[in-house]
Amino acid sequence: MTEIDVNRTSAAAGRPPLRMGIALLAAALTAAVLAAITPWPRGFQGAPTGDAELMAELEDALGSQHWQHVAAARVNGDEVTFAGTGADEHTEFEIGSITKTFTAALFADAIDRGEVEADTRLGEVWPDLEGKVAEVTLESIAMQRSGLPSQEPAPSFGDGVMSVLSRYIHTDPYRGNAADIVASLSDVEVGEPEPEYSNYGFAVLGQAIAEVAGQDYSDLVRYRLTEPLGMKETFVPESADGLSHGFTASGLPAAPWTLGGSAPAGAIRSTTHDLSIWLRAVRERTAPGAEAATMRADFDEGDRIGWAWFITNKGAPQLTWHNGGTGGYRSYLGFDRETGDGIIVLNDSSNDVDAAATLIGAGAGTGSGTTADTEAGARSTTEAAGAGEGSTKGGRS
C-alpha cells in the first residue's frame with residue numbers, strides 16, 4: 001500500500017497538477033485574445049500633411065510607437081510651419097495639462113482686473129471654509145506648492161470605484177462637477193507647502209476664478225482669452241457628445257475626457273493653428289495674463305516654475321514649456337524666449353511627445369518628465385487622475 005502511494009506521488013510529480021494546467025491554459029488563451037485585439041506598434045498612420053522636413057524631424061525625435069494622428073507646428077520668430085500625419089493644423093485634439101497655462105493666464109488676468117490678488121486665500125473666495133485649507137493662497141496653487149492633494153477626492157464611493165475602473169476601460173476618470181470640487185475643500189487634508197504637481201489644485205484655482213468673476217470657467221476661457229486672440233478652434237467642452245476620441249499607447253480606443261469640475265486642470269481642446277497663436281502671444285506678452293509665464297521659483301532639479309509654466313533650469317536653450325496627457329492624447333508646447341523659437345505637437349495616442357522639445361534647438365530638453373493619465377511621473381492631466389496611460393515628467397499634464 002505504501003509502495004503504491006509512493007509510486008502515485010512520483011507520477012504526479014512528473015506532470016503539472018490539473019488545476020495548474022487549467023490556469024496555464026486560461027492564461028495562454030487570454031494572452032492570445034489580447035494579442036489578437038491589440039494593435040502592435042506600427043509607426044505613423046495616415047497621409048502626411050504640410051512641411052515634409054518638419055515631419056521627418058518629428059518622426060526621428062518621437063521614434064517608433066503606435067501613432068494615430070499627429071500634428072505639429074514649428075515657430076521661428078513670426079514664421080510658423082505646420083506638419084502632420086493623418087492630421088493638419090486645424091485638426092482638433094485634447095491638449096491635457098497645457099490647459100493649466102490658460103487657467104494660470106485667467107488668474108494673472110483676474111489680478112489685473114482687480115478681482116483677486118496673488119495672496120488671496122481660499123477662505124476669502126469661499127467664506128464658509130475653515131482651518132488650514134482656508135489659508136491656502138491662489139498663488140501657491142498656481143505655483144504647484146499649495147499642499148493640496150494631487151487628485152480630486154471622489155464625490156462618492158461609487159464615483160471612486162468608477163474612477164479606478166476607468167483606468168482599465170479607458171474612460172474619463174473625473175467624476176465631480178464644479179460644485180463637487182468646491183464641496184470637497186471642506187474635508188480635504190492640506191499637506192506641506194512644498195513643490196508637488198496637483199491637478200486638483202488647478203481645478204480649485206479655475207473654480208475660484210470663476211467664483212469671483214461670476215462666470216463659468218468655460219465662458220472665462222472664451223471671453224477673456226480665446227476670443228480676444230482670435231483662437232476660434234479652442235474651447236472647453238461641456239459634454240463628450242460628438243467629440244472625437246483618442247487611443248491608448250497600444251492603439252485601443254480611449255473615450256474623450258471633459259473632466260467635469262476639474263476642467264481647469266486639463267479639458268481644453270485645440271489645434272496647432274490656435275496653439276501657435278497662444279505660444280506667440282504668451283512669448284510676446286500680448287496675451288491676457290501672459291505674466292503667468294514669468295519665472296518665479298525653483299520647482300525641482302530640472303525646472304523652475306511660473307504660474308503653471310515650467311522653465312528648464314539646466315542647459316541651453318532655456319525653455320518655457322508645458323505638456324499634457326489624457327486617456328488618449330499627449331501634447332507638448334515649448335519655446336525659447338530668447339530666440340523666439342518654439343514647437344507644438346499634438347497627438348491622439350497616449351504615447352508621449354515630449355521629445356519634440358529637441359526640435360527647438362540643440363541641447364533642448366524636457367526637464368524632468370511627467371505623465372498625465374499620466375502615470376509615470378506626474379505632471380499631466382492624465383496624471384491628474386492616475387487613470388490614463390501615463391506620461392512622464394515632461395508630461396505634467
Would you say Q144 and I305 make side-chain contact, with heavy atoms under 4.5 Å? yes
Linking I/L/V/M/F/W/Y whenever any side-chain heavy atoms sit under 4.5 Å apart, do V80 and L279 land together? yes
Return yes if some donor-acceptor pair links the side-chain N/O of D180 with the main-chain N/O of N177 below 3.5 Å, else return no. yes
Taken in chain and number order and not counting sequence neighbours, the residues that satisfy salt bridge (Lys or Arg N to Asp or Glu O under 4.0 Å) with D216 are none
Check for a donor-acceptor pair, side chain of T103 on one end and backbone N or O of P264 on the other, with a separation under 3.5 Å. yes
Please collect all ring-ring contact (aromatic ring centres under 6.0 Å, His included) contacts where either partner lies in residues 98-125, sequence neighbours excluded, each pair once. F102-W278, F107-W307
Sidechain-backbone polar pair: D172 side chain, L259 backbone, donor-acceptor under 3.5 Å: yes
Taking the side chain as C-beta and beyond, is there a heavy-atom pair between T226 and I277 under 4.5 Å? no
Could you work out, with salt bridge (Lys or Arg N to Asp or Glu O under 4.0 Å) as the rule, every residue matching E117, not counting sequence neighbours? none
Any pair with a residue in residues 126-149 that passes ring-ring contact (aromatic ring centres under 6.0 Å, His included), sequence neighbours left out, goes on the list, sorted by first then second residue, please. none
Work out which heavy atom in A87 is nearest to a heavy atom in V70; give both atom names and the distance. CB-O, 3.8 Å
Nearest 0.5 Å, what's the OG-CG distance between S331 and L333? 8.5 Å
Do Y329 and L346 make a side-chain contact, defined as non-hydrogen atoms from C-beta onward lying under 4.5 Å apart? no
Taking the side chain as every heavy atom from C-beta outward, state whether V282 and F335 have any pair of such atoms under 4.5 Å apart. yes
Value for OG (S146) from CG (L122), rounded to nearest 0.5 Å, stands at 8.0 Å
Give a yes or no on whether E189 atom CD has more than 12 heavy-atom contacts from other residues, nucleotides or ligands under 6.0 Å away. no
Value for OG1 (T294) from CZ (R285), rounded to nearest 0.5 Å, stands at 3.5 Å
Answer with yes or no whether the side chains of E152 and S262 bring together a donor and an acceptor at under 3.5 Å. yes
Starting at OG1 of T258, measure out to CG of L243 and round the result to the nearest 0.5 Å. 7.5 Å
Considering residues at least two apart in sequence or located in another chain, which fulfil the side chain to side chain donor-acceptor pair (under 3.5 Å) criterion with T49? none
Candidate pair M231 and H273, rule side chain to side chain contact (heavy atoms under 4.5 Å, CB included), full reasoning: CA-CA 8 Å; M231 297 171 63; H273 170 271; over 6 Å; no
Determine whether Y200 and L185 satisfy the following criterion, side chain to side chain contact (heavy atoms under 4.5 Å, CB included), listing intermediate values before the conclusion. CA-CA 10 Å; Y200 175 63; L185 288 168; 3.3 Å; yes
Between A118 and T137, the two heavy atoms sitting closest are O-CB, 4.2 Å
Evaluation steps, side chain to side chain contact (heavy atoms under 4.5 Å, CB included), between D348 and S244: CA-CA 9 Å; D348 66 351; S244 59; over 6 Å; no
Checking D51 side chain against L54 main chain: does a donor-acceptor pair fall under 3.5 Å? yes
Taking only residues two or more places apart in sequence or in another chain, which ones pass side-chain contact (heavy atoms from CB on, under 4.5 Å) with A254? H170, T248
With sequence neighbours left out, what residues match E124 under salt bridge (Lys or Arg N to Asp or Glu O under 4.0 Å)? R121
Partner set under side chain to side chain donor-acceptor pair (under 3.5 Å) for R296, not counting sequence neighbours: none
Among the clusters formed by ILVMFWY side chains lying less than 4.5 Å apart, do W321 and I311 turn up in the same one? no
Smallest separation among heavy atoms of R222 and D219, with atom names: NH2-OD1, 2.7 Å
Do the non-hydrogen side-chain atoms of L225 and L106 ever get within less than 4.5 Å of each other? yes
Listed partners of T234 passing side chain to side chain donor-acceptor pair (under 3.5 Å), at least two apart: S270, D274
Is K100 reaching over with its side chain to a backbone N or O of A308, donor-acceptor style, under 3.5 angstrom? no
Please confirm whether the backbone N or O of G77 pairs with a side-chain atom of R283, one donor and one acceptor, at under 3.5 Å? yes
Taking side chain to side chain donor-acceptor pair (under 3.5 Å) as the test, write out the residues that go with H90, two or more places apart. E233
Is it true that atom CG of D78 has more than 12 heavy atoms of other residues, nucleotides or ligands lying nearer than 6.0 Å? no
What about V125 and V190, same hydrophobic cluster or not, with Ile/Leu/Val/Met/Phe/Trp/Tyr joined at side-chain heavy-atom distances under 4.5 Å? yes
Output the distance between atom CE (M55) and atom CZ (F82), rounded to the nearest 0.5 Å. 14.5 Å
Is there a side-chain contact between V116 and I209 in this structure, where contact means two heavy atoms from C-beta onward sitting under 4.5 Å apart? no
Minimal heavy-atom distance between G266 and T326, with the atoms involved, is O-CG2, 4.2 Å
So does N351 get a backbone contact from the side chain of N347, meaning a donor-acceptor N/O pair under 3.5 Å? yes
For K232, which residues count as a side-chain contact (heavy atoms from CB on, under 4.5 Å) partner, sequence neighbours excluded? none
Hydrophobic cluster membership, with links at side-chain heavy-atom distances under 4.5 Å among I/L/V/M/F/W/Y: are V136 and V212 in one? yes
Taking the side chain as every heavy atom from C-beta outward, state whether V353 and W67 have any atom pair closer than 4.5 Å. yes
Results of ring-ring contact (aromatic ring centres under 6.0 Å, His included) for F247 - residues two or more places apart only: H245
Considering only heavy atoms from C-beta outward, does the side chain of L148 approach that of V133 to under 4.5 Å? yes
I'd like to know whether V75 forms a side chain to side chain contact (heavy atoms under 4.5 Å, CB included) with D341, so could you lay out the CA-CA distance, the side-chain angles of the two residues, the decisive distance to 0.1 Å, and finally the verdict. CA-CA 5 Å; V75 179; D341 295 342; over 6 Å; no
R330 side chain to G324 backbone, donor-acceptor under 3.5 Å: no
So, E89 and T272: side-chain donor and acceptor under 3.5 Å apart, yes or no? no
Can you see which heavy atom on A290 is nearest to which on A281, and at what distance? CB-O, 4.3 Å
Looking at T99 and A265, would you say the former's side chain and the latter's main chain have a donor-acceptor pair under 3.5 Å? no
From CZ (R145) to CZ (F299), nearest 0.5 Å: 7.5 Å
On a heavy-atom basis, the closest approach of H69 and F93 is O-CE2, 3.4 Å
Are E238 and R269 ion-paired here, with the side-chain N under 4.0 Å from a carboxylate O? no
Donor-acceptor contact present, side-chain R224 to main-chain L220, <3.5 Å: no
